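When a residue number appears, it is its place in the shown sequence, counting from 1. Quick caveat: nothing in here was measured; it's all calculated off a predicted structure.
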Amino acid sequence: MIETFIDSAFVKSLPYLFEGLKITVSITAIGLFFGMIIGAMAGLGKLSKIKFVRNFWSIYVEVVRGTPILAQALFLYYGISDIGIDISSFTAGVIAIAVNAGAYIAEIVRGAVYSIDKGQREAGRSLGLSERQTMRFIIWPQAFKRMIPPLGNQFIISLKDTSVFSVIAVHDIIFMGKEYWNATFEIFETLVMVCLLYLCVTIPSALFLNRLERKMDVK
């Protein structure tokens, strides 16, 4: 029975799917790294007192949130190449995750900073701190704790969003799964393993984030 299981598509598909999983996790990690930077800039930009800056980031957030990530990925891979700028499918996937997650993270940052009581800002200024120092030493540490739960959700959403990138030939776990079942016609077994591998990443990530929330006493 054990030999039968080892010879089944459940096991034989794993080497192919692991190759795809590495691409999926890489795109998510790199994309979210840049997405965090973009999101912090956009979130604080939306709180800026300068109208141009506030409007610029507001338009970015609304445009990105108003269009599906699949359309964004297709635009980055096929649309841009149509005007003579060629980028690899992997790079297009990373940019798509960074730009898409950045818009959602911007709202997380803006909401967290905005949720801090105005009295905290006034207290900082009354202590002689500048606006930037008040933000750095008083507002941001409190706001960051409140960002942790939604940022964890965004990580899992971005990881799952990479599943659409197979349409631009990114060799992610979905793409590799399709390649395997096209060659073997063992669709059921392959899809079961695809789902299990996604869960192998998302469940430990969720548990880690829950533990981090408890450790940081996030309320």
Quick one: are [X] and [Y] in side-chain contact, heavy atoms under 4.5 Å?
| X | Y | answer |
| --- | --- | --- |
| R146 | S115 | yes |
| I168 | L76 | no |
| K145 | P141 | no |
| F18 | L197 | yes |
| V113 | M135 | yes |

Would you compute the distance between atom [atom1] of [X] and atom [atom2] of [Y] and round it to the nearest 0.5 angstrom?
| X | Y | atom1 | atom2 | value |
| --- | --- | --- | --- | --- |
| C200 | M193 | SG | CE | 8.0 Å |
| L14 | L196 | CG | CG | 9.0 Å |
| I139 | L47 | CD1 | CG | 11.0 Å |
| I23 | S166 | CD1 | OG | 13.5 Å |
| I148 | L212 | CD1 | CG | 4.5 Å |
| I38 | I105 | CD1 | CD1 | 8.5 Å |

Scan for salt bridge (charged side-chain N to carboxylate O under 4.0 Å, His left out) pairs involving residues 29-48, sequence neighbours excluded, and state none if there are none. K46-E107

Just grab all the salt bridge (charged side-chain N to carboxylate O under 4.0 Å, His left out) pairs involving residues 63-85, residues at least two apart or on different chains. E62-R65

Contact summary for [X] and [Y], nearest pair of heavy atoms:
| X | Y | value |
| --- | --- | --- |
| R54 | S48 | NH1-O, 2.9 Å |
| P204 | L199 | CD-O, 3.6 Å |
| V109 | A40 | CG2-CA, 4.2 Å |
| S89 | A169 | OG-O, 3.4 Å |

Is a side-chain donor or acceptor of Q72 paired with a backbone partner of T67 at a separation under 3.5 angstrom? yes

D161 pairs by side chain to side chain contact (heavy atoms under 4.5 Å, CB included) with which of L70, I156, I69, I27? I69

Checking side chain to side chain contact (heavy atoms under 4.5 Å, CB included) against F188, which of V192, T190, L191 comes through? V192

Any pair counted as ring-ring contact (aromatic ring centres under 6.0 Å, His included), so long as it reaches residues 50-96, sequence neighbours left out: W57-Y60

Among side-chain atoms of E122 and S126, is any donor-acceptor pair under 3.5 angstrom? no

Can I59 be reached from I50 by stepping across I, L, V, M, F, W or Y side chains whose heavy atoms are under 4.5 Å apart? no

Would you give me the side-chain donor-acceptor pairs under 3.5 Å for residues 171-181, sequence neighbours excluded?
from, atom 1, to, atom 2, distance (Å)
D172, OD1, F175, N, 3.0

Going by ring-ring contact (aromatic ring centres under 6.0 Å, His included), name the residues that satisfy it together with Y104, two or more places apart in sequence or in a different chain. none

Members besides I157 in its Ile/Leu/Val/Met/Phe/Trp/Tyr cluster (side-chain heavy atoms under 4.5 Å): none

